[in-house]
There are 2 protein chains.
Amino acid sequence: MTPDRLSGILSALADPTRRAILARLAEGETSVTELAEPFAMSMPAVSKHLKVLERAGLIARGREAQWRPCRLEAGPLREVSDWLDHYRRFWDESLDRLEDYLQALQKGDPGGTPS
Amino acid sequence: MTPDRLSGILSALADPTRRAILARLAEGETSVTELAEPFAMSMPAVSKHLKVLERAGLIARGREAQWRPCRLEAGPLREVSDWLDHYRRFWDESLDRLEDYLQALQKGDPGGTPS
DNA sequence: GGGTTAAATAACCAAATAGTTTAGTACTGC
DNA sequence: GCAGTACTAAACTATTTGGTTATTTAACCC
């Protein structure tokens, strides 16, 4: 039950094989056979991964003779980035520690040290 | 078979319930019961979601009398952001179209129009 | 100690996922 | 048309996931 777009994108990304495929495609368009080459799995398995990436909008496939060149479609990654933006303010640890320190100071804690 | 950290984080995020939990925790620490309240599912189901988030390092749980207050731990989100950074250059669509336009110009295409 | 509240665990189930092998489709080139 | 190449689809299997209800643990209060 994950009908929403962002969940589809994130679960497509939540697999090391699929992320490796995207990394390869960042270097340029290529065929399925070449994409499959580094992996210890069958072609149909790779084909399935590509279908997952395609449904998430992360790749597009063309037609060129008997090859199906894949290329990266990074638009959905921006959606992930936009979602992450809501949390940027939380993940700077040094900022967190500074905050703790300032709160400690306000409470008059003499031993409060920022590290 | 997803032993790597980033996959664990991304699959934890690839569920709308869990993202809603994180959104709630962004407003501040709270109890499991309160976290569960907006969802049409049992407490144990929420408890399982929390375990997934905890294993991914996205939340931490304390102890306060009979309550187990949860708080956001956004560190792992930075790892996602760092991974995304490798793709930032791809996802600006207008930049893509500009690139296409410039390539069309180079090939001497007279109908090449940037939109 | 006994009752109540908060939460986790256990045991179970259905559906989705990630892989396999086998078979089929689509195009090339002789 | 036929053999070969590149890929997809189908059918099957094992594991994981996301949910359920019933039970247990842990702390509070009287």
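Letters A, B, ... mirror the listed sequences (proteins, then strands); counts begin at 1.
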d(CG, A:Leu53; P, C:dA18) in whole Å: 11 Å

From CD1 of B:Ile59 across to C1' of C:dA7 the rounded distance in Å is 13 Å

Note: A:Glu73 and A:Pro76 closest approach over all heavy atoms is O-CD, 3.3 Å

How many Å lie between CG on A:Leu35 and C1' on D:dT8, as a whole number? 15 Å

To the nearest angstrom, how far is A:Phe39 atom CZ from C:dA18 atom P? 14 Å

Sorted by position of nearest nucleotide on DNA chain C, 5' first, the leading residue of A:Ala45 and A:Arg63 is A:Ala45

Using distance alone, with no hydrogens and no angle criterion, decide if B:Arg71 and B:Thr30 have a side-chain donor and acceptor under 3.5 Å apart. no

Taking only side-chain nitrogens and oxygens of B:Arg61, does any of them come within less than 4.0 Å of OP1 or OP2 of C:dA8? yes

Atom pair distance, as rounded to whole Å: CD in A:Gln66 and C1' in D:dG4: 9 Å

Does C:dA6 have OP1 or OP2 sitting under 4.0 Å from an N or O in the side chain of B:Thr33? no

Just how far, in rounded Å, is C1' of D:dA27 from CZ of B:Arg68? 9 Å

Given D:dG4, C:dA6, C:dA8, the nucleotide with the shortest approach to the side chain of B:Trp67: C:dA6

Considering only C:dA7, D:dT8, C:dT9, which nucleotide approaches the side chain of B:Val32 most closely? C:dA7

Can you establish whether the number of heavy atoms outside B:Arg88 located under 6.0 Å from its atom CZ is more than 12? yes

Taking only the side-chain nitrogens and oxygens of B:Ser42, find out if one of them lies under 4.0 Å from OP1 or OP2 of D:dT20. yes

Choosing from C:dA8, D:dG19, C:dC27, which nucleotide comes nearest the side chain of B:His49? D:dG19

Check against salt bridge (charged side-chain N to carboxylate O under 4.0 Å, His left out), A:Asp4 and B:Arg19: CA-CA 12 Å; A:Asp4 70 294; B:Arg19 288 199 306 280; 2.7 Å; yes

Spacing between A:Ile21 atom CD1 and C:dA18 atom C1', to the nearest angstrom: 13 Å

Determine yes or no for a side-chain-to-main-chain donor-acceptor pair under 3.5 angstrom, with B:Arg5 supplying the side chain and B:Glu79 the backbone. no

If you check the B:Met41 side chain, which of D:dT21, C:dT22, D:dG19 turns out closest? D:dG19

For A:Glu64 and C:dA26, give me the distance from atom CD to atom P, rounded to whole Å. 19 Å

Side chain of B:Arg18 only, heavy atoms from C-beta on: which candidate in C:dT9, D:dG18, D:dT5 is closest? D:dG18

With nearest nucleotides of DNA chain C determined for B:Lys48 and A:Lys48 from heavy-atom distances, which residue corresponds to the more 5′ nucleotide? B:Lys48

Which part of the nucleic acid, if any, lies within contact of B:Ser31, taking any heavy atom under 4.0 Å across all strands shown: a base, the sugar-phosphate backbone alone, or nothing? sugar-phosphate

